[in-house]
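Presented below is the structure to which this report refers.
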Amino acid sequence: MATNADNNGLRPDPDALLALADREDRKRKRGRLRVFFGAAPGVGKTYAMLTEGFTQQAEGRDVLAGVVETHGRGETEALLAGLEMLPRVKAEYKGHELLEFDLDGALARRPALVLVDELAHTNAPGSRHEKRWQDVLELLDHNIDVYTTLNVQHVESISDVVAQITGIPVRETVPDVVLEEAAELVLVDLPPDDLLKRLREGKVYVPRQAEAAAKNFFRTGNITALRELALRVVADRVNTEVCVYRQGQAIETTWPTSGKLLVCVGPSPTSARLVRAAKRMAASQHAQWIAAYVEAQPFSPSDPRHNRVVQNLRLAESLGAEAVTLTGRDITDEILTLARARNVSSIVIGKPVRRKLLDVLLGSPVDELIRKSAEIDVQVIRGDAPGRPESGREGTARTGADGRAAPPDLRGYGWSLAVVAVCSAICSAMYPFFELSNLIMVYLVGTMYVASRHGQGPGILSSALGVLCFDMFFVPPRFSLAVSDTQYLFTFLIMFVVALVMSRMAAHIRRQAKAARARETRTLVMLSLSRELAGARGAEKLLRIASRHVAELFHCRALAFLPDAEGRLKEHAGDMAAFNVTPKGESVAAWVFANGQPAGLGTSTLPTSGALYVPLAGLTGPLGVLGLRPETEGALFSPEQTHMIETLARQVALALEVERLESESLHAQMEAETERLKTSLLSSVTHDLQTPLAAIMGSADSLAAVGEALGREQRRTLAVNIYDEAERLSRLIGNLLRMTKLESGTLKPDLQLQSIEEPLGSALRLMEKHMGGRKLTVDIPADLPMVEVDGVLMEQLLLNLMENAAKYTPEGSPVSITARGDAGGLEIVVADRGPGLLPEELGKVFDLFYQGHAAGGGRKKGYGIGLAICQAIALVHGGAIRAENRAGGGAAFIVTLPTPKRRPVPREDPAKDEEAL
Amino acid sequence: MSSDKTPVLVIEDEAPIRCFLRAYLESQDFRLIEAESGEEGIGLAASHQPALILLDLGLPGMDGLEVIRRIRQWTATPILVLSARGKEQDKIDALDAGADDYLTKPFGVGELSARLRVALRHSALSAGGAGDSAPAPVFRCGELTVDLAARRVRLAGQEVHLTPIEFKLLAFLVRHAGKVVTHRQLLKEVWGSVREDQAHYPRLYVHQLRHKIEPDPARPRFLRTETGIGYRLEDGETN
């Protein structure tokens with residue numbers, strides 16, 4: 001890096017500049033956080049904050065006092081009087097009424113700056129956020145600046161150091177990342193003597209019940225130590241700022257290119273201490289750090305150790321670590337593989353608390369790690385063994401060390417007793433015929449069986465029992481534990497060792513297989529999810545698939561929420577009954593939807609909810625929310641699972657987004673098509689409506705105005721003209737109405753079994769006078785099969801075809817209507833001897849608003865509706881229509897109809913009829 | 001109030017329609033009584049005792065069908081319904097509820113006058129005590145002659161052989177010559193039932209009948225199809 005900078009004439013590193021610009025940008029959009037930081041209560045942080053707030057107000061900024069604890073101090077109260085106070089909200093908890101900061105009130109009020117005292121405060125249970133610092137982060141997210149106060153003892157990474165110094169445990173802590181987020185850290189300092197003086201004068205607020213503790217706390221030694229800590233935090237911070245500035249200025253940095261730190265975490269409560277220690281080490285080295293947990297045997301979600309592991313990993317994450325969960329048989333190997341892959345320079349593990357004997361027997365993971373670590377430093381800190389519960393390394397611990405046997409394993413121990421009993425029975429049957437060295441084999445087989453089926457504990461129990469029984473029943477002297485020949489003691493030892501090794505191996509294989517299976521299931525589910533999502537259409541279906549897979553993969557009930565038309569979230573797909581959405585759950589989901597961040601169970605937002613809610617965030621914004629309620633009530637999801645859930649949610653959101661975009665483009669396409677239809681309808685109809693209307697109005701007006709002056713014949717002509725034009729209008733409107741109904745699909749044909757002669761007869765009667773001298777011939781065989789048609793629609797179809805023929809053929813040319821039918825269907829042909837159709841027209845004439853080629857030369861054009869109606873009618877009957885040019889000239893329109901499923905009823909008996917007549 | 005003019009009640013909410021009905025009907029020696037709503041129409045029907053009622057089915061307020069039911073509770077005065085195209089089911093319901101005939105809007109005055117004549121004649125026949133039980137007359141329409149008493153049908157002088165059901169069907173149509181009869185009415189009168197699975201019987205027998213009495217069954221001259229509603233036997237002379 002140094003050489004690089006030299007070569008480039010000390011130009012700033014563009015990447016560093018970009019990162020800096022990005023950070024500045026984010027800070028600007030986010031609202032700035034200023035922390036008034038002190039060593040102990042009473043140094044004057046609140047006063048300093050109010051003074052600064054007041055100054056800002058004087059400069060014209062909109063300042064709101066969100067929550068300020070004056071503790072009855074006069075000068076502080078006087079300052080506060082000049083500021084707008086936000087009323088606090090009441091919260092009930094265990095009969096006490098608590099007054100809390102009104103986050104929603106502050107957000108609704110939208111000031112430029114909010115003063116929020118005591119950043120480390122814990123909110124009343126049931127509040128949106130567990131901690132006040134989360135409220136502050138939300139304010140910053142909404143681009144509101146915040147001033148706040150904080151004591152050094154509440155900084156997460158040094159809280160345990162403070163506890164060590166003062167002897168008082170610190171419960172309320174603020175993650176270091178929040179402090180790092182602060183744009184400015186203002187140190188409010190007061191020399192220890194002055195602080196103690198203030199305390200003596202009663203200027204420092206001391207709660208009565210904590211008086212003794214407080215007295216203990218306010219000792220010169222303590223305060224000096226805390227002051228030093230506070231100064232160091234601020235100094236570190238200044239140091240970092242200088243470094244950031246230098247990067248931006250391309251000043252050659254002395255930043256140590258330190259590698260990464262890796263801390264091994266387990267389910268033990270002492271792991272938390274290990275995590276904090278690692279954070280301090282990482283901070284002092286300006287190093288990134290990883291918290292790793294090796295899952296050698298998965299805990300069931302109901303096991304308290306499961307949640308402890310999750311909490312420890314989460315603590316590490318909140319302190320800025322990357323949390324990693326590994327699955328593997330050998331902790332040492334897994335840790336070292338990760339360390340090498342991630343270029344870790346230093347591994348931090350806890351001191352083993354196990355008895356030495358077990359280490360000798362089983363090998364110590366710490367020793368192993370140190371031996372195999374080669375170039376990586378290993379730092380052993382007071383804590384616990386890496387990655388494993390103190391009781392978890394081997395099955396022995398379950399029964400031995402802490403006597404805590406998990407209930408499901410009792411069955412395994414029962415089995416080991418039974419197997420040993422069976423082995424003893426077999427051996428006693430074999431005893432007369434076999435040597436003792438062979439009998440021990442039977443016990444070995446039994447031990448192997450137990451170890452492979454029920455794990456290490458039962459395996460070792462059965463090996464011990466086997467040795468005892470072998471000694472008791474078969475080694476002379478029989479039925480006594482005494483051993484006559486000392487060489488049998490060696491046999492016992494060998495057998496015990498063999499049993500131990502075998503059971504360990506069997507158990508390892510079993511665990512490995514189980515872990516591999518779990519991994520495989522996960523991969524398979526992910527794979528099949530993405531495949532199914534890719535194949536599915538429709539939001540409903542996508543969400544159903546996603547819910548099912550998520551439920552399967554994470555052993556939970558899943559429910560997807562989507563916004564309705566008004567933007568309110570509604571349960572959409574998933575197991576609604578089992579999920580049991582409470583109004584509270586709904587509000588959590590709504591918050592997640594609005595803020596685009598996970599909330600609920602296991603998160604720091606609304607953690608009292610029984611389910612985890614993750615946003616389905618698309619590129620254009622939140623699309624919905626996915627809720628997961630673990631099958632075991634209250635079981636947390638591990639950080640790895642949480643990340644996987646989020647990955648999955650992204651995948652689902654992506655699929656939803658694609659779906660939405662597709663439907664939007666389809667919608668747009670349809671709208672464009674509708675628009676086009678409307679336009680062409682309007683242009684064609686306007687002309688065709690106006691012509692007859694003009695004729696009607698003109699004729700009627702003439703009759704009314706000059707009727708008296710006209711001759712009788714002229715009046716009649718005008719009246720007939722009105723009638724004819726009105727009839728034409730009526731037909732046009734009828735066609736339009738029918739077309740609309742057919743197009744919208746609301747028209748259900750009233751199918752009746754009948755002869756085609758019926759609708760044809762009516763159509764002929766209506767049409768014949770409009771044929772204008774064209775000769776109409778009808779040829780329908782008497783034995784034509786019946787058809788199942790809607791008489792009104794069929795009449796319309798035939799009318800339109802005849803009208804079409806009349807319109808496009810010269811007067812006097814013949815038009816023929818023929819019908820043919822067989823078992824396959826019925827065919828009706830309306831044929832003319834006109835000019836015919838252009839070849840390219842044949843497929844298009846049935847399109848709506850296709851206006852026929854004026855082949856007749858100067859004849860009027862059609863509306864482009866008639867034939868479209870014919871096609872629609874043929875289709876609703878399950879038939880079809882096509883156009884052809886006839887040999888010898890002219891066009892033919894052929895309608896095909898299916899034969900009915902129902903057969904006509906049996907006719908009357910003709911013999912009987914004749915008789916009756 | 002001149003008593004020689006036949007009173008006709010028009011129940012129609014559209015003024016332009018009433019206007020042309022008035023112009024035409026008064027020129028044809030009818031006296032018009034006008035009502036704009038169903039309620040008003042029922043009241044006028046009771047107070048004025050019209051010879052015929054023209055009823056628009058698409059009335060605001062009281063449904064036209066309801067008006068027919070109310071009027072039919074106390075009088076057999078012929079009712080002609082006026083209805084828009086595409087509302088075939090409304091017409092069938094009206095006819096089955098007791099209306100005598102229908103006209104589809106828009107209609108010409110020629111059609112109107114023919115319907116009025118037929119309705120008034122049938123009304124006069126039943127009022128004169130003749131009705132269905134009267135000695136069966138001989139019906140003539142063009143070349144078709146139906147002698148109900150002799151159960152004999154002739155087409156252009158040629159004897160036509162009909163099955164009993166075909167004859168029963170034709171006889172019913174002759175008795176209602178000029179008026180529309182619905183499929184349902186045919187089914188009820190000829191087959192004595194209105195079973196859903198027999199709904200197509202009338203169509204089948206009309207088809208058979210046409211092939212026996214119509215010179216060109218595809219262009220029926222006597223037995224017309226009222227598409228979507230039923231059939232109408234062309235009006236002839238009865239004696």
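All chains are named by letter (A, B, ...) in the order of the sequence lines, taking the proteins before the strands, and each is independently numbered beginning at 1.
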Does any heavy atom of chain B fall under 4.5 Å from the side chain of [X], the backbone, both, or neither of them?
{"X": "A/Glu768", "result": "side chain"}
{"X": "A/Leu776", "result": "both"}
{"X": "A/Gln754", "result": "both"}

Counting heavy atoms not belonging to [X], are there more than 12 under 6.0 Å from its [atom1]?
{"X": "A/Arg820", "atom1": "CZ", "result": "yes"}
{"X": "A/Arg715", "atom1": "CZ", "result": "yes"}
{"X": "B/Gln158", "atom1": "CD", "result": "no"}

Please report the shortest heavy-atom distance between [X] and [Y], naming the atom on each side.
{"X": "A/Leu764", "Y": "B/Arg219", "value": "CD1-CG, 3.6 Å"}
{"X": "A/Val778", "Y": "B/Ala218", "value": "CG1-CB, 3.8 Å"}
{"X": "B/Arg203", "Y": "A/Leu753", "value": "CD-O, 3.2 Å"}
{"X": "A/Ser762", "Y": "B/Thr227", "value": "OG-OG1, 3.0 Å"}
{"X": "B/Pro106", "Y": "A/Ser730", "value": "CG-OG, 3.6 Å"}

Would you compute the distance between atom CD of B/Gln89 and atom CG of A/Asp750 and round it to the nearest 0.5 angstrom? 7.5 Å
Using a 4.5 angstrom heavy-atom cutoff, name the option from B/Arg152, B/Glu226, B/His183, B/Arg210 with the most pairs to chain A. B/Arg210
Are A/Glu795 and B/Thr225 close enough, and set up right, to give a side chain to side chain contact (heavy atoms under 4.5 Å, CB included), and what steps lead you there? CA-CA 11 Å; A/Glu795 182 189 308; B/Thr225 302; over 6 Å; no
Check against side-chain hydrogen bond (donor to acceptor under 3.5 Å, both in side chains), A/Glu757 and B/His211: CA-CA 11 Å; A/Glu757 279 176 4; B/His211 279 263; 3.1 Å; yes
Between A/Ala763, A/Ser755, A/Gly791, which has the largest tally of heavy atom pairs under 4.5 Å with chain B?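 The candidate making the most pairs under 4.5 Å is A/Ser755.
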At a heavy-atom separation under 4.5 Å, does B/Pro217 approach chain A through its side chain, its backbone, both, or neither? both
